[in-house]
Amino acid sequence: MKQKLMTYRSHIIALPVVVGILALTGCQDNATQEEPAPLRPVRIIAATNSPVDFQHRFAGTTVSASTTNLSFQVSGTIESFPAKAGTRLRSGDVIATLVDDDLQLALNKNEALLEQAVTNAKASTSRYQRMKELHTKQLISEMDYDVAKADYQVGLAKIDQAQQAVDLSQQQVQYATLRTSEEHCSVTQTYVTENENVSAGQMIAVMSCGNVMEVKANISEATVSSLRIGQPVEAIISAAQPQPVDAHISEIGLNTGSNGTYFVTAQIDTRNTKLRPGMAAELLISRDFLVNNDSLWVPMNTVNESNGQRYVMTFESEDGNRGIVRKVAVETGKFVAGSIEITHGLVEGQKVITAGLNQIYDGQEVLMLVEDSRS
């Protein structure tokens with residue numbers, strides 16, 4: 001009896017302990033359930049009216065603003081070619097000459113025919129003067145006078161004809177020597193050598209004159225429509241000057257090449273004696289002339305599509321750090337350099353989520369980490 005009483009007392013004492021442990025465990029569970037889940041972090045960027053970090057670069061080559069393809073106006077054999085590639089020339093300097101023996105022979109022949117025509121004309125003129133006096137005195141017939149007059153006129157015409165032949169021959173001889181007609185010129189490229197036969201009009205060299213340089217580049221069809229004559233641009237010619245130089249668009253090609261690009265020429269505004277034709281260059285098109293100020297731009301990775309509708313996830317916040325995700329439908333335009341144009345759906349400065357897009361949903365509360373530095 002006494003042993004059973006002790007057993008009951010042990011149970012009675014243990015019961016409050018168990019209840020206390022259960023109560024403590026229950027409080028801990030409640031505390032764990034009441035602790036909120038951590039907010040998912042996201043990165044954002046503000047929609048702006050220009051592409052982010054945008055700059056169009058197009059490879060090109062420097063050329064002289066005054067470039068001439070040189071050729072002879074007569075056929076022949078190259079006798080000398082003193083103007084090699086890179087040779088500096090001044091007005092009147094000889095570029096190349098042809099063997100002109102045949103041309104000189106033709107000139108001598110025509111000069112002889114001219115002398116003969118002059119001699120015959122003198123004789124016919126003298127006879128005509130005598131016949132004219134006799135005709136005045138009515139000592140010869142009208143027919144004899146007309147014959148003498150006709151011979152006189154034919155003699156003068158033959159002089160004119162012979163003189164034209166001489167002038168043409170002299171011109172042909174001059175054509176056999178190719179000279180520069182401007183100052184500060186240089187031959188940039190040659191295509192023939194001495195003792196080589198060339199035909200009239202065949203290009204033998206390229207000559208550049210003056211200190212004004214240009215950059216020729218192939219511009220994509222998506223960009224060329226935004227360019228205009230006189231538009232300010234920049235050019236980089238690393239071999240002469242590492243820093244960009246100011247230039248302006250001087251020519252825009254009308255025809256496209258096989259790769260869908262257009263030839264565009266930009267004239268460099270400043271003169272630099274270090275610049276040479278043929279140097280590698282880059283043409284930099286300012287983004288200010290390629291964007292519509294009425295549109296907004298965001299990174300391309302922020303735009304998604306569902307059921308044919310494009311959308312972005314925006315961040316709406318009151319305190320600046322915690323906010324709500326909103327799914328916003330947008331309309332897009334062109335894209336350049338990793339940015340896409342938003343033509344409808346956003347306002348300038350609206351915060352668009354750039355990272356964590358695959359783990360968020362509309363209406364979710366999130367935590368902004370750091371605003372994208374590109375904004």
Side-chain angles (χ1 to χ4, degrees), residues 51 53-71 81-96 178-193 203-224 226-257 259-290 336-337:
D53 296 333
F54 170 71
Q55 190 176 58
H56 252 318
R57 289 172 175 254
F58 298 96
T61 306
T62 58
V63 295
S64 175
S66 176
T67 302
T68 305
N69 296 329
L70 301 176
S71 63
F81 207 141
K84 307 300 180 183
T87 303
R88 290 286 184 174
L89 302 171
R90 306 197 60 167
S91 179
D93 288 349
V94 175
I95 299 172
L178 200 59
R179 300 177 182 272
T180 58
S181 58
E182 300 181 38
E183 296 287 344
H184 307 294
C185 297
S186 62
V187 175
T188 59
Q189 193 169 2
T190 60
Y191 300 100
V192 297
T193 58
M203 186 167 62
I204 66 168
V206 177
M207 182 179 68
S208 299
C209 298
N211 295 324
V212 178
M213 301 298 293
E214 295 177 333
V215 174
K216 285 187 178 292
N218 291 330
I219 306 298
S220 64
E221 58 184 5
T223 304
V224 74
S226 302
L227 302 180
R228 58 178 174 79
I229 298 296
Q231 173 180 320
V233 294
E234 289 184 326
I236 295 180
I237 305 100
S238 300
Q241 183 173 334
Q243 300 299 323
V245 295
D246 293 333
H248 63 275
I249 300 296
S250 57
E251 296 178 17
I252 300 176
L254 298 178
N255 297 324
T256 179
N259 55 355
T261 59
Y262 292 78
F263 286 106
V264 173
T265 302
Q267 183 172 311
I268 298 175
D269 296 336
T270 58
R271 297 189 178 187
N272 188 339
T273 56
K274 295 181 180 180
L275 294 180
R276 295 287 186 276
M279 288 183 172
E282 279 188 304
L283 204 57
L284 279 60
I285 308 297
S286 173
R287 66 186 183 187
D288 295 337
F289 293 95
L290 294 177
V336 287

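Below, all heavy atoms of this structure are taken into account, side chains as well, without hydrogens, waters or symmetry copies. Sequential numbering from 1 along the given sequence is applied to the chain's residues.
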Looking at [atom1] of [X] and [atom2] of [Y], how far apart are the two atoms once the value is rounded to the nearest 0.5 Å?
X	Y	atom1	atom2	answer
Asp93	Thr180	CG	OG1	5.0 Å
Ile252	Phe263	CD1	CZ	14.5 Å
Glu234	Asp246	CD	CG	6.0 Å
His248	Ile229	NE2	CD1	9.0 Å
Ile219	Ile249	CD1	CD1	7.0 Å
Met207	Ile95	CE	CD1	5.0 Å

Please name the pair of heavy atoms, one in [X] and one in [Y], separated by the smallest distance, quoted to 0.1 Å.
X	Y	answer
Ala205	Tyr191	N-CD1, 3.7 Å
Pro277	Thr188	CG-CG2, 3.7 Å
Gln231	Ile285	NE2-CG2, 4.0 Å
Ala281	Thr62	CB-CG2, 4.1 Å
Pro82	Thr87	O-OG1, 4.3 Å
Met203	Val206	SD-CG2, 4.3 Å

[X] vs [Y] side-chain heavy atoms within contact, under 4.5 Å:
X	Y	value
Val63	Met213	no
Tyr262	Asn218	no
Ile268	Ile237	yes

Could you walk me through whether Ile236 and Arg57 pass the side chain to side chain contact (heavy atoms under 4.5 Å, CB included) test, one step at a time?
CA-CA 10 Å; Ile236 295 180; Arg57 289 172 175 254; 3.8 Å; yes
Please check this pair: side chain of [X] against backbone of [Y], looking for a donor-acceptor N/O pair closer than 3.5 Å.
X	Y	result
Arg179	Gly92	yes
Ser64	Cys209	yes
Thr190	Ala85	no

#### Entry: Pair Val215-Val233, side chain to side chain contact (heavy atoms under 4.5 Å, CB included): steps then yes or no
CA-CA 11 Å; Val215 174; Val233 294; over 6 Å; no
Show your working on side-chain hydrogen bond (donor to acceptor under 3.5 Å, both in side chains) between Lys216 and Thr61 and close with a plain yes or no.
CA-CA 5 Å; Lys216 285 187 178 292; Thr61 306; over 6 Å; no
By salt bridge (Lys or Arg N to Asp or Glu O under 4.0 Å), Arg90 pairs with (sequence neighbours left out) Glu183
Tell me every residue that passes ring pair (Phe, Tyr, Trp, His ring centres under 6.0 Å) with Phe58, counting only those two or more places apart in sequence or in another chain.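 Only His56 meet the ring pair (Phe, Tyr, Trp, His ring centres under 6.0 Å) criterion with Phe58.
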